[in-house]
Protein chains: 2
Amino acid sequence: MKEHDDLKKTGLKATLPRIKVLSIFEKNKDKHLSAEDIFKIMLRSDDEIGLATIYRVLTQFEQSGILIRHHFESDKAVFELNEKDHHDHIVCLQCGFIQEFVNEEIENQQKLIAKKNGFNIIEHALVIYADCTKNPCSCKLGGAENIAKCHKLT
Amino acid sequence: MKEHDDLKKTGLKATLPRIKVLSIFEKNKDKHLSAEDIFKIMLRSDDEIGLATIYRVLTQFEQSGILIRHHFESDKAVFELNEKDHHDHIVCLQCGFIQEFVNEEIENQQKLIAKKNGFNIIEHALVIYADCTKNPCSCKLGGAENIAKCHKLT
DNA sequence: GTATATGCAAAACTTTTGCATCCTT
DNA sequence: AAGGATGCAAAAGTTTTGCATATAC
C-alpha cells in the first residue's frame, strides 16, 4: 500500500488515521485543505476519526515534510502535499479558487534581498489576493459542479 | 487634535477608544501590533478599554484603510499603519523581529503573472521567514532593552 | 435628542492537551 | 507485550456577538 510505505519512510507508524488522511491529500493534489475539511470528508465516507487526531496528524506530517501549512488570509490553517516543487499562490477573493505559480526572477530577488539585509532564508510565502472574474471564476459560471470545483471540499 | 481629524476624514466618529488606538499606532510606526498588544499597552497606561472594542476598532480601521492586517505565521492577526508606501516583510523566526523592504522587480513580476493568468490583483503579501542570527538579532545581543527592541510591545 | 459606540459577559471557532483505551510492531 | 497513537472531553486562545449603558454630534 503506497500510503503505508510512504509513512514508514518518514519514520511514522502506519496507523489507519494517518493512512486515511494521507490518501485524502493524494486524491486532492490540487486542493488546500483545513483540518475541518478533512474531518468532513471522512465523516461523509463513514471513516471514524477524532478532530484532535487530525490536528495531531497534520502537525506531524508538516514536521516530517509530507505537508506544507499555509495561513492565507483566514484564521484557519490549510495544508497541501509537499511536492518539493516550490510554488506561490494567487487566491481568488470571490470564490477561494487557488492558482499556483512559480517565478524564478522573484525567487532570485528574494535571495538578494535576504543577503543584503543579513538574513538566512528559511522559507517564504507569496500570496497574491485577486479577483478571477476575468478568468472567469467558476462561481460566476454557475452550476453545482462549478461551485464545487471552486471551493475546497471533495 | 491630529487623531481626531484623521478619524473624521474617514467618516468615523472620533470616540475616545478610537483616538487612543490610533495614537498607539502613531507612536509605534515600526511595529506590528496584535489586539492583545494594544490591550496590554492601554492597561499599562491606565486607559480603560474592552478587548471587544479593540477588535471592533481594528476591523473598522482596516476597512477604512487606516490599518493593514497581517497574519504572518502565527494564529493571531497583527496590524500596522497603512502608510500607502507598500512594502513586504522579513520575519525572524527566532525573535519575531520584522524587517520591511520593497523591491520593484518583484512588484513588476507579480503584475505580469496576474495578467498572464487572468486575475485582477487586489493586494499581495510576501513574507520571507528567516534567521537574523547573522544580523545579529537583538535577542542574541542580550539585555532587556534589546529583547524589548526585538519583540513587539512598547 | 438620536443614533452610534462601548463594555461586559457569553458564545463561537480553531487548536491543544490530559487521560484512559486501543493498535501497530 | 510494550510503546506509541487514538478518541473523547475539557481547556486554551483568538475573535465575534447580544444587550444594556454611555457618548459623540
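The shown structure was predicted, so the numbers you read here are calculated from the model rather than taken from an experiment. Only this structure's heavy atoms are used, side chains among them; waters, hydrogens and symmetry mates stay out. Each chain gets a letter, A, B and so on, in the order its sequence line appears, and its residues count up from 1.
Both A/Val21 and A/Ile19 are members of a single hydrophobic cluster when ILVMFWY side chains are connected at heavy-atom separations under 4.5 Å. No continuous path of ILVMFWY side-chain contacts below 4.5 Å connects B/Ile121 to B/Ile68, so the two sit in separate hydrophobic clusters.
The interatomic distance linking A/Lys20 (NZ) with D/dA5 (P) rounds to 20 Å, in whole Å. Rounded to whole Å, the distance from CD1 on A/Ile49 to C1' on D/dT6 is 9 Å. A straight line from NZ of B/Lys8 to C1' of D/dT23 spans 13 Å, rounded to a whole angstrom. Here D/dT14 presents its P atom at 9 Å from NZ of B/Lys40, a figure rounded to the nearest Å. Rounded to whole angstrom, the span from the CZ atom of B/Phe39 across to the C1' atom of D/dT15 amounts to 14 Å. When the P atom of C/dT6 is taken as reference, atom CD1 of B/Ile19 falls 10 Å away, rounded to whole Å. Nucleotide C/dT15 holds its P atom 7 Å from the CZ atom of A/Phe79, rounded to whole Å. Atom-to-atom, CG of A/Asp5 to C1' of C/dT25 comes out at 15 Å; the value is rounded to the nearest Å.
Atom NZ of A/Lys29 is surrounded by more than 12 heavy atoms from other residues, nucleotides or ligands within 6.0 Å.
The side chain of B/Arg18 lies closest to C/dT6 when the candidates are C/dT15, C/dT6, D/dT6.
When each of B/Thr15 and B/Ala35 is assigned the nucleotide of DNA chain D with its nearest heavy atom, B/Ala35 is the one assigned upstream, toward the 5' end. Along DNA chain D, the nucleotide nearest to B/Lys13 and the one nearest to B/Leu51 differ in position, and the one closer to the 5' end is contacted by B/Leu51.
Ionic pairing of B/Lys111 and B/Glu107 is not present here: no N-O contact between side-chain nitrogen and carboxylate oxygen is shorter than 4.0 angstrom.
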Next item on the list: Applying side-chain contact (heavy atoms from CB on, under 4.5 Å), run through A/Lys115 and A/Leu112 and close with a yes or a no.
Entry: CA-CA 5 Å; A/Lys115 196 169 186 182; A/Leu112 292 177; 5.6 Å; no
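Scanning residues 52-75 of chain B for heavy-atom distances under 4.0 Å to DNA chain C yields B/Ala52, B/Thr53, B/Arg56.
Annotation: side chain of A/Glu80 is in contact with side chain of A/His89 (closest heavy-atom distance under 4.5 Å).
In terms of heavy-atom proximity, A/Gly65 sits nearest to A/Asn82 at O-ND2, 3.1 Å.
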